[in-house]
Structures are given as structure tokens and as C-alpha cells.
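Because only heavy atoms are used, hydrogens play no part in the values below, and waters and symmetry mates are left out as well, while side chains stay in. In what follows, residues are counted from 1 in the order of the sequence shown.
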Amino acid sequence: MGDEIVTISEMAKLHHLTRQTLIYYDHIGLLKPVSINEHGYRFYSVFQIPVLREICLLKKLGVKLEDIKKSFENRNPDAVINLLELQKESVEKQIQELNKTKNHLEHRIRFYEALHEEHPINTPHIKEIGPRKVLFVPFPGEPCKNVLHLTLMRAWNQIFDWGMVPSSGFGTLIRCSQFESGDLYRGAGIFVVVPEQKYDRSGIEEISGGIFACMYKYAFPYYKDDFFTLKSWVESQGYEIIGDALDLCLLDTTFYNSEHEVDYCCLQIPVKKTGPLT
């Protein structure tokens, strides 16, 4: 072999690649050796070093091998500029998606960080809560564990189809129009908190911010007794209920332990002051 010939091992080492990678490049027609001897050993020309160097650079920039191969079939500055511009657009889209994922992670972290504050269980209190947007999906029947999980998955899949992640909590929404009826769960369903933005989608509702009567509890987020306990306290304290009740699930089945085998929730009812304490 002359000085202008390089073995496959030398070529691979020179570019920090494996021999298997160069064999693969040969198979797909990206970089073929100048010769293969009777024992199957591949040999390359030193003049192929710049070609492989450019292949490595483009691959490092995230360009697909099939696009790199096409670029060498008609290689000129304009074609390379077009290839790099397309890759730049692809990277910008990836950055946008990564930023969305980062925001969802931050939402989820804040959601769990809020649990660091200890709250007395089954003790009603007043709390100010900001506005929220939610996706609402009605229950197909009387809520129970099975209905809860299946309806929640309908809501989650809808959010996933929108290209979002349900990272800010879920629970049961009970309509205030049913508070005095004998059918509390008519019109009730699952709500999932979604990011604050403009929506033109079916099922999105605005939960106004304001003063809420709240009660932390270990129970499933649809128990009637909890609702009526908080409702009675609200009325005894001179408050008027002004909107739908939200039973927000904070820790679900995945957090069950020997002490608690039900969800950890915060029941929230929007109120306004109408009279003196009793």
C-alpha cells in the first residue's frame, strides 16, 4: 500500500469513530473505501479524510445521514447553505419543544413544592387563590374510583393530543347549580389545570380567582360528606357560595403508604362574605 492509502482502523481512529461505523457508512453508500482486499479489509484514500471530516461535522450538527449523503451527490455552497438552514429550523423547533417541557417541569415542581406547607386535616379555612384555566370532562355516571380514573384518562389524552402535558393538577368539579339538589353529581366531572394561555378549544373553562373556603383531607376527590362538611362551615361563618366546587387531588394512588391509602386532596369552594361570624 502507498502513502496515500489509510486502513479502516487508522481512518476510524483519526475521526474518533469505530470500525463498525465506517462499515455501516460503506453499506449505506455514504463513504465507500477505495479498495477491499481478498481478506475483506477496507482501505481509504487520504483524499477521503476531508469528506469523512465533513460527514462527522454535519452529523455532530444533527443532520441525518440520508441528508448528508444527498448533500454529497450535488455538493455546492448553495446546497450546503440550504441544508444547514433546514437543520437550523429543525433545531429551533426542538428548542421550542424543550422550552415547553421545561415549563411543564417547573409547573410540576411548583405543584409539589406547595405541599411542603403543612395544613391541618379536615379543618376549614379561608384562602385566596388566583385564576386558573381547566379542561373539564363530565363524568359518564356516578363518580367512583373506576369512573374517576377512566374520565381522567380521557382528559389527559385530550391534553396530550393538543401537544401539552397535564402538569398542574386535577380533581373533581361539582356544579354550584346542584348544591341544593338531591343529585349533587349531575353535571360534575374531571377538571385538569392547563397552562395560562388563550384557548379556542372545547371543554376549556375559566376558574375565577378570589376567596375560597378550603379543607385539606385524606379522601377520594368526590366524597359527598367532605363537601357537605365544608358547605355547612361556609354557611355558619357568614359566607355565600358563588361558584363551582373544586376537589383538587394533590397526592394520588402513587403516593399511598401504610398510613394513608386514599388520596390527599384540597376541597375548594369560592365564597364571598355576606354576614357576621356566628
Just to verify, what does [X] make a ring-ring contact (aromatic ring centres under 6.0 Å, His included) with, not counting sequence neighbours?
{"X": "H125", "value": "Y216"}
{"X": "Y256", "value": "none"}
{"X": "Y112", "value": "F255"}
{"X": "H260", "value": "Y218"}

Point-to-point distance, once rounded to the nearest 0.5 Å, from SG of C56 to CG of L61: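 Interatomic distance, C56 SG to L61 CG, rounded to 0.5 Å: 11.5 Å.
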
Pairing residues for [X] by the salt bridge (Lys or Arg N to Asp or Glu O under 4.0 Å) criterion, not counting sequence neighbours:
{"X": "D252", "value": "none"}
{"X": "D225", "value": "none"}
{"X": "D247", "value": "K217"}
{"X": "R110", "value": "none"}

Tell me whether N76 contacts the main-chain N or O of D78 through its side chain, where contact means a donor paired with an acceptor under 3.5 Å.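 At least one qualifying donor-acceptor pair exists.
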
Without swapping roles, check the side chain of H15 against the backbone of M11 for a donor-acceptor pair under 3.5 Å.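 Yes; at least one donor-acceptor contact below 3.5 Å.
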
Could you give all pairs that pass the side chain to side chain donor-acceptor pair (under 3.5 Å) test and reach residues 134-148, with sequence neighbours left out?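 Side chain to side chain donor-acceptor pair (under 3.5 Å) check on residues 134-148 returns no pairs.
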
Please, which pairs that meet side chain to side chain donor-acceptor pair (under 3.5 Å) have at least one residue in residues 49-69, sequence neighbours excluded?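 Listed by first then second residue: E54-R75.
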
Pairs touching residues 36-48 that satisfy salt bridge (charged side-chain N to carboxylate O under 4.0 Å, His left out), sequence neighbours left out: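 Those involving residues 36-48 are D26-R42.
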
Does the Lys NZ or Arg CZ of K127 fall within the cation-pi geometry relative to F212 - under 6.0 Å from the ring centre and within 45° of the axis?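 Negative - K127 is either too far from the ring of F212 or too far off its axis.
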
Does R132 count as lying over the ring of F170, i.e. NZ or CZ under 6.0 Å from the six-ring centre, within 45 degrees of the axis?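 Verdict for F170: no cation-pi partner in R132.
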
Taking NZ, NE, NH1 and NH2 as the nitrogens, is one of them in E97 or K100 under 4.0 Å from a carboxylate oxygen of the other?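 Here E97 pairs with K100 in a salt bridge, since their nearest N and O are under 4.0 Å apart.
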
Check Q94, Q87, E92 against S90 for a side-chain hydrogen bond (donor to acceptor under 3.5 Å, both in side chains) and give me the one that passes.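 Among Q94, Q87, E92, the one that satisfies the side-chain hydrogen bond (donor to acceptor under 3.5 Å, both in side chains) with S90 is Q94.
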
Remaining members of I95's ILVMFWY cluster at a side-chain heavy-atom cut-off under 4.5 Å?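 Joined to I95, directly or through intermediates: V91.
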
